[in-house]
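In the text below, chain A, chain B and the rest are named by the order of the sequence lines, each starting its count at 1.
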Amino acid sequence: VETRDIVRLLRAHDEKLRRTPIGLATETRIQRRLREATAPMAARRSLWAALLVGAAVAGGAAAFVWSKVGPPAAAYPIERTAASASPPSDADACAVHQDEQRVDLSGRCTLKLASVTVWTEPGSELEAVQQGLRVLRGKARFEVEPVPTGARPVRVRVGGGIIEVVGTKFVVEQRDGGGSVDLTEGRIRFLGTGGPPVEIRPGEQFRWTNGAEPAADVSSSPAESASGGALRQAASPSTAPARGPTEPAAARRASQTTSDAGKAVADSRPAPSVSLQEAVRQAIRLREEGRYGDARRVLAELHSASLDPHAAEILSFEEGDLLEHFEQDAAICDHWKQHLTRFPDGQYRSVVSAKVSRLGCP
Amino acid sequence: VSSSNLVAGSRGAAVPEANTSIDSATDLSWLYARYHRQVFHLALRYGQGDVAWAEDLTQDIFLALMRLPRPLLARESLSGWFYRVATNRCLNAIRKEKFLLSKPVRWLLGSSFSNERTPESLAIARDDLSQALQSVDALPPKERVVFFMVHVDGKEQGEAARVLGYSKGYVSKLLKRAEQRLAAAGWKVERRGD
């Protein structure tokens with residue numbers, strides 16, 4: 001009998017886990033929790049600051065004067081800043097190569113524009129264009145300061161069109177054949193070729209395939225703002241989670257919008273009476289508010305719907321995830337064991353198996 | 001926007017400076033954006049793929065970062081700090097869980113759960129990977145973490161000892177025990193010495 005090499009198996013599995021991107025819903029939850037946790041700390045600091053008001057005022061005044069006298073943050077050209085930065089010793093070091101307006105970035109870098117901050121993943125390539133940036137390849141996280149009413153929005157060009165931003169946080173990924181944008185906060189619009197602008201809401205992902213770019217002078221007037229209808233039209237029950245099986249949050253992504261260069265994707269399967277996407281989106285919103293019972297009821301409405309196996313697995317996974325918030329372990333075990341029986345080859349099998357094992361289900 | 005007003009840097013403009021507080025929202029946001037994947041990956045690994053478990057650990061670690069005195073942080077690279085803290089937090093968490101699942105504690109708490117494998121749960125582990133994960137999960141927490149650090153992360157035993165705060169001799173003993181247990185369970189483990 002051949003002896004099995006456990007190290008090889010574990011390394012392969014670990015590499016899969018390493019490549020598993022953290023889900024948007026998961027990330028949103030963690031960031032919200034961090035914000036909540038930092039608020040009391042800020043309050044405590046304020047108390048101490050009040051006790052030391054004299055010193056604080058003096059220090060603050062000095063800092064204010066320095067900030068006014070010192071150089072503005074965005075005054076340095078790329079080469080000089082990159083060269084003067086002390087690179088970290090690991091492979092994550094940012095390297096910047098500039099050719100006219102094109103900016104090649106390897107390693108993890110931070111770009112700072114007047115109202116936009118961009119964090120890039122290794123191997124990304126960005127280009128400065130009129131009124132914004134173009135993501136040529138790679139993955140970048142954007143934070144855009146709110147755009148005043150009447151001002152032109154910031155634009156991020158990608159393979160399938162333009163992402164128009166009015167103040168928000170989002171992640172853009174551009175691959176060879178297409179890409180996606182995950183919206184964390186705020187509001188963005190996707191201006192694709194041939195279709196109407198699509199407004200993307202927080203917690204949603206919009207995907208595109210590379211195509212001809214829309215004209216540069218696409219109107220950005222408020223009247224052009226996409227209706228929710230465009231978004232709902234694009235949603236389909238077959239929308240697949242973009243993440244791997246080791247990330248259950250992928251199931252929450254069933255509410256993501258799938259698009260081909262901004263156009264709706266047709267689905268020949270019979271649509272359930274309640275949209276899976278809409279229900280999962282509602283469930284995410286409710287669980288964010290701690291209303292787990294309501295979230296469970298929303299998902300339960302889908303029980304009578306005719307769902308394909310993939311959608312049914314997503315639904316079952318989401319329900320199990322919710323059960324963990326307010327049910328006894330025995331009920332949770334029952335659910336997960338039923339899940340494994342119903343979907344023996346499902347994409348969440350390993351995750352659910354780990355849950356069963358961790359709970360010590362009989 | 002012209003390229004002349006772009007600013008790029010290895011650590012970027014939002015990098016927390018050594019003489020500033022780590023707990024400002026900007027600093028935390030930057031640190032989170034840069035390191036959360038590393039932390040989440042380690043938590044997923046030691047949590048056997050449990051996302052909720054990994055989320056809690058990730059949050060705890062970033063909150064711990066905010067409470068860390070700046071001089072301590074300055075002594076090591078942030079990546080090394082996150083690796084060390086994530087590994088130790090995960091070790092503590094799985095040791096705590098193991099304690100709560102022990103028979104005396106379950107008896108004291110009146111828990112009716114049994115952690116013994118049933119034929120049904122064993123049937124779930126039908127592929128090699130599941131069996132490998134179960135075998136590693138069955139190792140005592142310290143041995144499990146040391147095994148991962150040395151065999152999967154490629155750390156030297158001395159480095160693993162520094163991260164965990166143990167002596168090199170103790171880490172060597174933990175590793176040897178883990179390898180022996182896995183070999184006894186029918187697995188091939190190449191001995192990796194220092």
So, taking the atom named CZ in F147(B) and the one named CG in L10(A), what distance separates them when rounded to the nearest 0.5 Å? 6.0 Å
Scanning both residues in full, the closest heavy-atom pair of D153(B) with R18(A) reads OD1-NH2, 4.5 Å
Looking at NZ of K16(A) and CG of L129(B), how far apart are the two atoms once the value is rounded to the nearest 0.5 Å? 7.0 Å
Chi angles and distances behind the side chain to side chain contact (heavy atoms under 4.5 Å, CB included) call for L133(B), H13(A): CA-CA 9 Å; L133(B) 292 174; H13(A) 177 64; 3.7 Å; yes
In terms of heavy-atom pairs under 4.5 Å with chain B, the winner among L9(A), V352(A), D14(A) is D14(A)
Given heavy-atom pairs under 4.5 angstrom as the criterion, report whether the side chain, backbone, both or neither of A185(B) touches chain A. backbone
